[in-house]
Amino acid sequence: MGHHDSFNVRNNKSGNISENKCKEFLESKSILYTRYGFDALFDIPGYKFSMIPEVLKCTPDYMVFNKIASLLEVKGCSDVLRLKLLDMKAYDWWENIVPLSMFLHSSTYKEHKILKYKDLKKIAITCETDRYHDNNKEYYKIPWKRLGEKND
């Protein structure tokens, strides 16, 4: 499964490796969490889902309760993380309400990284962009090895 696959294949509820890895991680650390974002991809037709404002469609996946309550978005990739510019506008909005972190999982490297969204954004804006072939949405191409760099 990769970025060339269709939306339905990429978002198969039972096969979301990254979300499963995130849940395993949270449970292994005894971190309380709850599903927060839209699971509506599987409950309503796409033409109805498109009626929802973009910032709400990009609601982060989880609310986690550690020292404080914060949001956690899960993203999977191979050796390059593709982060849509449109999604980042929504993440900026959410970050103004409550802290947002990103759980990133690489199927190529078989590892995960957790970054604050603001740190991921600092890296992303230094990377080249491209567009998805199916919807023409622009995204940053972030090499896995760049994730976790300090860009202050």
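Computed from a predicted structure; not experimentally measured.
Across all their heavy atoms, K113 and L115 have their closest contact at CB-CD1, 3.8 Å. Counting all heavy atoms, side chain and backbone alike, A69 lies closest to P99 at O-CD, 4.2 Å. In plain terms, the two heavy atoms of A90 and V55 that are nearest each other are CB-CA, 3.8 Å. Scanning both residues, A124 and M88, for their nearest heavy atoms gives CB-CE, 4.2 Å. Closest approach of F65 to M63, counting heavy atoms only: CZ-CG, 3.4 Å.
Cluster membership check: I68 does not share its hydrophobic cluster with L26, using side-chain heavy-atom separations under 4.5 Å among Ile, Leu, Val, Met, Phe, Trp and Tyr. With hydrophobic clusters built from ILVMFWY side chains whose heavy atoms lie under 4.5 angstrom apart, L86 does not share a cluster with V74. Side-chain heavy atoms closer than 4.5 Å link hydrophobic residues (I, L, V, M, F, W, Y) into clusters, and following such links, possibly through other members, connects I114 to I31. Y117 and V98 fall within the same hydrophobic cluster, defined by Ile, Leu, Val, Met, Phe, Trp and Tyr side-chain heavy atoms under 4.5 Å apart, directly or through other members. If you chain together hydrophobic residues whose side chains sit under 4.5 Å apart, W94 and V64 never meet in one group.
In this structure, D87 pairs ionically with K75, as a charged nitrogen and a carboxylate oxygen lie closer than 4.0 Å.
Contacts of E19 classified as salt bridge (Lys or Arg N to Asp or Glu O under 4.0 Å), with partners at least two apart in sequence or in another chain: R35. For Y140, there are no ring pair (Phe, Tyr, Trp, His ring centres under 6.0 Å) partners at least two apart in sequence or on another chain. Scored by the salt bridge (Lys or Arg N to Asp or Glu O under 4.0 Å) test, E138 finds R131 as partners (sequence neighbours excluded).
L100 has its side chain within reach of P60: a pair of non-hydrogen atoms, C-beta onward, lies under 4.5 Å apart. The shortest side-chain heavy-atom distance between H105 and K21 falls under the 4.5 Å cut-off.
Each of K121, M102, K84 was evaluated against Y91; a single residue qualifies, M102, per the side-chain contact (heavy atoms from CB on, under 4.5 Å) test.
Counting heavy atoms of neighbouring residues, nucleotides and ligands inside a 6.0 Å radius, atom CZ of F25 exceeds 12 of them.
L104 contributes atom CG, which lies 10.0 Å from atom SG of C22 (distance to the nearest 0.5 angstrom). Interatomic distance, CG of D61 versus CZ of F103, reported as 11.0 Å (0.5 Å rounding). Rounded to the nearest 0.5 Å, atoms NZ (K141) and CG (D79) are 9.5 Å apart. Distance check, rounded to the nearest 0.5 Å: SG of C58 to CD of E73 gives 7.5 Å. Between atom CG of residue L120 and atom CG of residue L81 there is a gap of 6.0 Å, rounded to the nearest 0.5 Å. Taken to the nearest 0.5 Å, the OH atom of Y62 stands 6.0 Å off from the OH atom of Y33.
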Go through the steps to decide whether L71 and Y36 satisfy the test side chain to side chain contact (heavy atoms under 4.5 Å, CB included), and finish with yes or no. CA-CA 8 Å; L71 293 169; Y36 192 73; 3.6 Å; yes
List the steps, then state whether side chain to side chain contact (heavy atoms under 4.5 Å, CB included) holds for S107 with I17. CA-CA 8 Å; S107 57; I17 296 166; 5.6 Å; no
Decide yes or no on side chain to side chain contact (heavy atoms under 4.5 Å, CB included) for D92 and E95, but give the supporting numbers first. CA-CA 5 Å; D92 290 341; E95 176 77 14; 5.7 Å; no
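Listed for the W93 side chain is no donor-acceptor partner under 3.5 Å among the backbone atoms of L56.
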